[in-house]
Protein chains: 2
Amino acid sequence: MNADPYAKLIADTGPNCGCCDLEDRAFCAGLGSQGSALLRSIRGSARLEAHHTVFREGDAASHIFTVVKGAVKLSKLMADGRRQIVGFLFPGDFFGFGLAGSYTYSAETIIPTSLCRFSERRLASLMEENADLRRRLFGRLVDELGFAQEQMLLLGRMTAREKVAHFLMMLSRRAATRGDSEAVVAVPMSRLDMADYLGLTIETVSRTITTLKKDGLIEVPSPNVVSILKADSLMQIADGNGDE
Amino acid sequence: MNADPYAKLIADTGPNCGCCDLEDRAFCAGLGSQGSALLRSIRGSARLEAHHTVFREGDAASHIFTVVKGAVKLSKLMADGRRQIVGFLFPGDFFGFGLAGSYTYSAETIIPTSLCRFSERRLASLMEENADLRRRLFGRLVDELGFAQEQMLLLGRMTAREKVAHFLMMLSRRAATRGDSEAVVAVPMSRLDMADYLGLTIETVSRTITTLKKDGLIEVPSPNVVSILKADSLMQIADGNGDE
DNA sequence: CGGTCGGTTGAAAACAATCAACTTCTGTGG
DNA sequence: CCACAGAAGTTGATTGTTTTCAACCGACCG
């Protein structure tokens, strides 16, 4: 699990970028033929098993990644082991922009995952040439910032119940944009990951899910699948308009 | 206080951008003569009193702002009034990028403040022409995202004491980069603003400051000035390496 | 079949929130 | 210049949500 993160990132670069079906969900997809051709020329790809570290907080930042398939978590660690997950990534998402040449978070797969990899330097020079790529990347970065601020509101001001409801609805919405069911949602991450994302403990996450279950808002056929029974009620809670 | 936010944003555009002394701290400063000339041509400026709303969450997003002088807070509101401040901005900082044409947070001055204002549309077209501007803005956006993630760690995993220590050290560091004293720090925002930034209540912020005072780490000559006596100890706390 | 891991549930403790009173500061008007 | 009113901040007592500590359950695997 802690092997060289680049061990599998060998140059199995495919002949074209048509290999992923992300349409225009990824910054790098749907660019038009000449843009794609350029991007394809600097692209590397990788298939990683679950729980594989892509890079660690503090590593020299040299590459930008996009998720083609699977799921990735980004996390920050404190000296004493406290952890905060700052993002869960799904197909179409990108990650790897770091401050001052170092990654500011670790990236790990949570299920088997396919990634595309681009040299940051080369991507930067490609951005100089391709306005479309540039605009997409800029827009995604703005989106990302907006999402981070939303998460601040969640972490700073929401109750455990609201946090979990919000999280489940987020998973549902993201599944829908991927074309998956929004009612029966896959929860690929562990309770610990959920807790570290929501600023809670495992126990509180577990208890809160049990409560939502008892309230008839969700069903949990297995720990990694949540069936959303009352999406509207759940959304109300997620938005802070409690249901009491 | 709730007057038209643009009331004072009349076209008192100065003859050049040399009017601010931000050097290269702002994305728009230190661009070189032709870049500056272009930017200057789309620039508006404003002097606003304290507690003036620049724009509100949900307003149509048409402009990007930079802080020339003073301080601004960005905040998000929940339906029931709970509030999260997602950023404090000081000279050199920018704000105003919104998702899908709307601002995702409100912006208010906290002390008398001078702003520069750029039409987002025109700024976007200027970015197409000027690679330097583009790179700066992109870099600042990445920085901003990194800072937001750092704040997630604070909100999700730090204790009240750690949060307040972290906040004071942040103010100190930011003051230093502006050329102000890093030992005697101005705290322009109210306790309520601090609380809403740190995910705490006023009372907890106040109590925590009292504790830090009693521990001999800081002095508080007035509620809006904090003198940092033991920067190293405070930094230890801020980083989660408690001092007990 | 035993062991480990992930998850759930229970009881107790703790940190921060809430409710409430009080103090300090500031600005205004007499 | 002083007195007063209101706002901002501090402190105290109590409550409560979430954490911590601990036991237990079930699934998967060797």
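Chain letters run A, B, ... following the sequence lines, proteins first and then strands; every chain starts at 1.
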| Between Phe94(A) and Phe65(A), is the ring centre distance below 6.0 Å? | no
Please report, rounded to the nearest Å, how far the [atom2] atom of [N] is from the [atom1] atom of [X].
X: Met189(A); N: dG7(C); atom1: CE; atom2: P; answer: 11 Å
X: Glu203(B); N: dA8(D); atom1: CD; atom2: P; answer: 14 Å
X: Arg191(A); N: dT19(D); atom1: CZ; atom2: P; answer: 16 Å
X: Leu192(A); N: dC5(C); atom1: CG; atom2: C1'; answer: 12 Å
X: Asp193(B); N: dG9(D); atom1: CG; atom2: C1'; answer: 14 Å
X: Asp196(A); N: dG7(C); atom1: CG; atom2: C1'; answer: 15 Å
X: Ile202(A); N: dT18(D); atom1: CD1; atom2: P; answer: 17 Å
X: Met158(B); N: dA16(C); atom1: CE; atom2: C1'; answer: 17 Å

Assess whether a salt bridge exists between [X] and [Y], defined as any Lys/Arg side-chain N lying under 4.0 Å from an Asp/Glu carboxylate O.
X: Asp215(B); Y: Lys230(B); answer: no
X: Arg82(B); Y: Glu162(A); answer: yes
X: Lys73(A); Y: Asp196(A); answer: no
X: Arg191(A); Y: Glu203(A); answer: no
X: Arg83(A); Y: Asp193(A); answer: yes
X: Arg140(B); Y: Asp93(B); answer: yes

| message | Could you walk me through whether Thr208(A) and Thr211(A) satisfy the side-chain hydrogen bond (donor to acceptor under 3.5 Å, both in side chains) test, starting with their C-alpha distance in whole Å, then the side-chain angles of each, then the deciding distance to 0.1 Å, before giving a yes or no? | response | CA-CA 5 Å; Thr208(A) 306; Thr211(A) 310; 5.7 Å; no
| note | By nearest-nucleotide position on DNA chain C, the 5'-leaning member of Arg157(A) and Val205(A) is Val205(A)
| field | Value rounded to 0.5 Å, distance of OG1 in Thr204(B) from CD1 in Ile209(B) | value | 11.0 Å
Flag side-chain contact, heavy atom, 4.5 Å: [X] against [Y]:
X: Leu212(A); Y: Leu217(A); result: yes
X: Leu99(A); Y: Val142(B); result: yes
X: Leu89(B); Y: Leu74(B); result: yes

| Does Thr210(B) make a side-chain N or O approach to OP1 or OP2 of dT11(D) shorter than 4.0 Å? | yes
| said: Quick check on dA17(C): is either OP1 or OP2 less than 4.0 Å from any side-chain nitrogen or oxygen of Thr204(B)? | reply: yes
Atom pairs under 3.5 Å, N or O on each side, protein against nucleotides 11-14 of chain C: can you list them with distances?
| from | atom 1 | to | atom 2 | distance (Å) |
| --- | --- | --- | --- | --- |
| dA11(C) | N6 | Arg207(A) | NH2 | 3.4 |

| field | Selection from dG7(C), dT18(D), dT18(C) that lies nearest to any side-chain heavy atom of Leu200(A) | value | dT18(D)
Any protein N or O atoms within reach of nucleotides 25-28 of chain D? Criterion: under 3.5 Å, listing atom names and distances.
none

| At under 4.0 Å between heavy atoms, what does Thr201(B) touch on the DNA or RNA strands: base, sugar-phosphate, or nothing? | base
| Which is true for Ile209(A) with a 4.0 Å heavy-atom rule: it touches a base, it touches only sugar-phosphate, or it touches nothing? | nothing
| query | Using the C1' atoms of five pairs at each end, what's the angle between the two axes of the helix from dC1(C)-dG30(D) to dG30(C)-dC1(D), to 10 degrees? | reply | 30°
